[in-house]
Amino acid sequence: MNTNKDTQIDEEQLAKMRHSAAHVLAEAVLEMFPEAKYAIGPSIETGFYYDFDLPRSLTPADLIILQKRMKKSVKRNVPITGEQISKNEAKKIFAKQPYKLELIDDIEGDTVGHFMHAKFEDLCRGGHAASTGQVGSFQLTHVAGAYWKGDEKNPMLQRIYGALFATQEELESYLTAREEAAARDHRRLGKELDLFFLDPISPGSPFFLPGGTYIYNELTDFLRELYVTYGYDEVITPQLFDSKLWKTSGHYDNFHGDMFLVPIDEQEMGIKPMNCPGHCVLYGHTRHSYRELPIRLAEFTRLHRNERSGVLHGLTRARSFSQDDAHIYCTPEQLHDEIAKLFDMTKEIYSVLGLENLTMYVATRGKNFIGNPKDWDVAEQLLMDSVKNAGFKYEVSEAEAAFYGPKIEMHLKDALNRSWQLGTIQLDQAMPERFNLRYISNDGSEQQPTMIHRALLGSLERFIGIYLEFTAGKLPFWLSPTQLIIIPITDKHIDYCYEVQSEYKQSMINAIVDDGSERMGAKIRNAQIKKIPYMFIVGDQEMESNTVAVRTRNGDDLGQIKREDILATLIQLKQTRTIELIANTSEKQ
RNA sequence: GCCGGUGUAGCUCAGGGGUAGAGCAGCUGUUUCGUAAACAGCUGGUCGUGAGUUCGAGUCUCACCGCCGGCUCCA
């Protein structure tokens, strides 16, 4: 039930409230620091922020003070008014505000918006609540550094973030949800479930424990099955290449800062950040007929990128990672169908994983690019048509393409609503040109193939990270490192447990026996914490009737089930890669 | 890389100039139990690293490293 039915707040109104709260925040900051320089303060998805140039760094205590001052301003409930004024007039008003002066010059036209409430005035395009009393419920959350105009060459300002919602209830539920999201953080789950860890001895390079490795291998097994049906050939290429290769590919000029370069004897070599140049060498190693095309080369080997220290983030942003990478070499005529197949494959993969909420972006040519602009235009249009034909909605991200071609990006959000790019499909005419790749056409002439770079899950590390957050660690049966734990009620049931376990091992289901001296309740609790999909409880009754008592990690008690029946069910669950656990097998019979 | 925060046992954290602590985990016993924590004992730390201040430094200063939140950059 909506408690405020008289005041249904839509997104637009909410944005106005958030933007107004930013003004109230700036007012409070200026009261506290009269010499403060203020920059910009927009509304964002869950609230607002405002950037300031201040004489000292803010502390958490400052936020409490600022919030109190803001609440006072809200209580005074003064009207927020605005008007258009001439740029000259505005420059007088903001004479001591360098950031505002710069913004005035940036704005097109002769006039700018001038908004004020009480004594506070701001340069602003508008969109406000009527008064400070109508900004909703908010809380200042944190301070962070942010470059002026988002450019790292500019000075760094202090950005104060606030959460804001129409009602106190919504604000509180947002703040609670944020706290709960921490429990789904893949870095935390990685520790709790013994999947992986990171050690300062190699920053940004995860150690995969047996459990994490199991997930990784199950994913690649799944992809390899699809590679058979979709006609891919898996290859393995070197890790380390003479810098000549990176100069040919263009990486040396465009990706230099992100590469690990090492001197070896008299030459410089580079550890591969991508597989494409190696695949081009492999393609160019032999002559190809048009009859062989498309050639689809897949590779899972490790890539290394020298990510700047401040951006590393668990599995989702690592220096060492691998991709479900492949490069497709085809004729221009085949391009359209190849891309359509890629979307079929994408849909197949993501539907098995239960991820239906991919956001697609088409990224267009940026400042750094190789090749000619006309080819880019054609390629960009082809991608937009293809993604539409595949039934996906998409957005355009201007100037976000890789340097060698436009791309489709598939994004998903993590537990804290941060968006990450997973899969990508990229078109490339430039690299075949640079590597002088050819195929013999049906008229005997040499032609240049088109190249598609594609990774559908993207980085496997990043994917595993995001997927852990999506599932809160309750992985589907087939991806669970431990699928089944068998719990004896007393020691005399242990032999029977091991007997059951050996059946499962033979069927390639990962079952363990908890033969410790704890009580059954404690063992169940531990299994629950480890999010093991199934628990079999075994006591006298089960031994006598040749059954096991089945319980799921969701707390469902399925009762006693014949050993052969539940085994068949679980084998099927694994083979079909079913996402949900079977809550009650009796319904099936 | 930049701004801010932070670093004490495997994990979560207390201790803020004067003998390094708790819970959980681990180990050893005891307990043999029917669906989310049995009991007892024991082990475990160059307090991120290095300098400095001090009679004395987890504690104060500085530098470096890692991590966390942003910014920038990207799968």
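Here is how names work: the chains are called A, B, and so on, in the same order as the sequence lines, proteins then strands, and each is numbered from 1. Not measured: the values here are computed from a predicted model.
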Quiz item: With both distances kept under 3.5 Å, what pairs with B:G41, Watson-Crick or G-U wobble?
Solution: B:C27
Exercise. Identify whether any heavy atom of A:Ala522 sits under 4.0 Å from a base atom; if not, whether one sits that close to sugar-phosphate; answer base, sugar-phosphate or nothing.
Key: sugar-phosphate
Quiz item: In whole angstroms, how far is the P atom of B:C3 from the OH atom of A:Tyr147?
Solution: 7 Å
Quiz item: Now, which nucleotide makes the Watson-Crick or G-U wobble pair with B:C60, with each of the two distances under 3.5 Å?
Solution: B:G52
Exercise. Using atom NZ of A:Lys413 as one end and atom P of B:A75 as the other, report the distance to the nearest whole Å.
Key: 19 Å
Exercise. May I ask whether A:Phe321 stacks on the base of B:A75, given the cut-offs of 5.5 Å between ring centres and 30° between planes?
Key: yes
Self-check item: Watson-Crick or G-U wobble partner of B:U35, both distances under 3.5 Å
Solution: none
Quiz item: When only distance counts, do a donor and an acceptor, one from the side chain of A:Glu307 and one from the base of B:A75, lie under 3.5 Å apart?
Solution: yes
Quiz item: Taking N and O atoms by type only, does the side chain of A:Arg519 place a donor or acceptor under 3.5 Å from a partner on the base of B:U32?
Solution: no
Quiz item: Does a distance-only test, which skips hydrogens and angles, find a donor-acceptor pair under 3.5 Å between the side chain of A:Arg317 and the base of B:C73?
Solution: yes
Quiz item: Is there a donor and acceptor pair closer than 3.5 Å between the side chain of A:Glu542 and the base of B:G34?
Solution: yes
Self-check item: Sub-6.0 Å ring centroid separation between A:Phe165 and A:Tyr174
Solution: yes
Quiz item: Using purine N1 to pyrimidine N3 plus N6-O4 or O6-N4 for Watson-Crick, or N1-O2 and O6-N3 for G-U wobble, each under 3.5 Å, what pairs with B:C74?
Solution: none
Practice problem: Nearest-nucleotide wise, let me know which of A:Asp185 and A:Leu157 is further upstream toward the 5' end of RNA chain B. | Solution: A:Leu157
Practice problem: Check whether the ring centres of A:Phe392 and A:Phe343 lie less than 6.0 Å apart, and answer yes or no. | Solution: yes
Quiz item: In a check of side chain to side chain contact (heavy atoms under 4.5 Å, CB included) between A:Leu460 and each of A:Phe208, A:Phe300, A:Phe321, which one passes?
Solution: A:Phe300
Practice problem: Determine the interatomic distance between P on B:C42 and the same-named atom on B:G23; round to the nearest Å. | Solution: 12 Å
Exercise. Could you give the distance separating B:A37 and B:C24 at their C1' atoms, to the nearest angstrom?
Key: 11 Å
Exercise. Tell me the partner of B:U19, counting only Watson-Crick (N1-N3 plus N6-O4 or O6-N4) or G-U wobble (N1-O2 and O6-N3) with both under 3.5 Å; none if nothing fits.
Key: none
Quiz item: A:Asn306 CG to B:C74 P: how many Å, rounded?
Solution: 14 Å
Quiz item: Starting at CZ of A:Phe196 and ending at C1' of B:C11, how long is that distance when rounded to a whole Å?
Solution: 15 Å
Practice problem: Select base, sugar-phosphate, or nothing to describe what A:Arg418 touches, counting heavy atoms under 4.0 Å on all strands. | Solution: sugar-phosphate
Quiz prompt | A:Asp414 bridged to A:Arg184 by N-O distance under 4.0 Å | solution = no
Quiz item: Closest nucleotide of RNA chain B for A:Gly539 versus for A:Pro60: which of these residues is on the 5' side?
Solution: A:Pro60
Quiz item: When all nucleic acid strands are considered with a 4.0 Å heavy-atom cut-off, which category describes A:Thr59: base, sugar-phosphate, or nothing?
Solution: nothing
Quiz item: Which part of the nucleic acid, if any, lies within contact of A:Ala146, taking any heavy atom under 4.0 Å across all strands shown: a base, the sugar-phosphate backbone alone, or nothing?
Solution: sugar-phosphate
Exercise. Just call it for A:Asp540: base, sugar-phosphate, or nothing, with non-hydrogen atoms closer than 4.0 Å on any strand.
Key: base
Quiz item: Do any of residues 208-222 of chain A sit with a heavy atom less than 4.0 Å from RNA chain B, and if so which?
Solution: none
Quiz item: With a non-hydrogen cut-off below 4.0 angstrom, is A:Ala318 in contact with a base, only sugar-phosphate, or nothing?
Solution: base
Practice problem: Using Watson-Crick or G-U wobble geometry with both distances below 3.5 Å, tell me the partner of B:U6, or none. | Solution: B:G66
Exercise. Pick base, sugar-phosphate or nothing for A:Phe463, based on heavy-atom distances below 4.0 Å to the nucleic acid.
Key: nothing
Exercise. Please say which of A:Tyr467, A:Tyr350, A:Phe222 ends up in a side chain to side chain contact (heavy atoms under 4.5 Å, CB included) with A:Leu457.
Key: A:Tyr350
Practice problem: Scan A:Lys407 against the nucleic acid and name what it touches under 4.0 Å (heavy atoms): base, sugar-phosphate only, or nothing. | Solution: sugar-phosphate
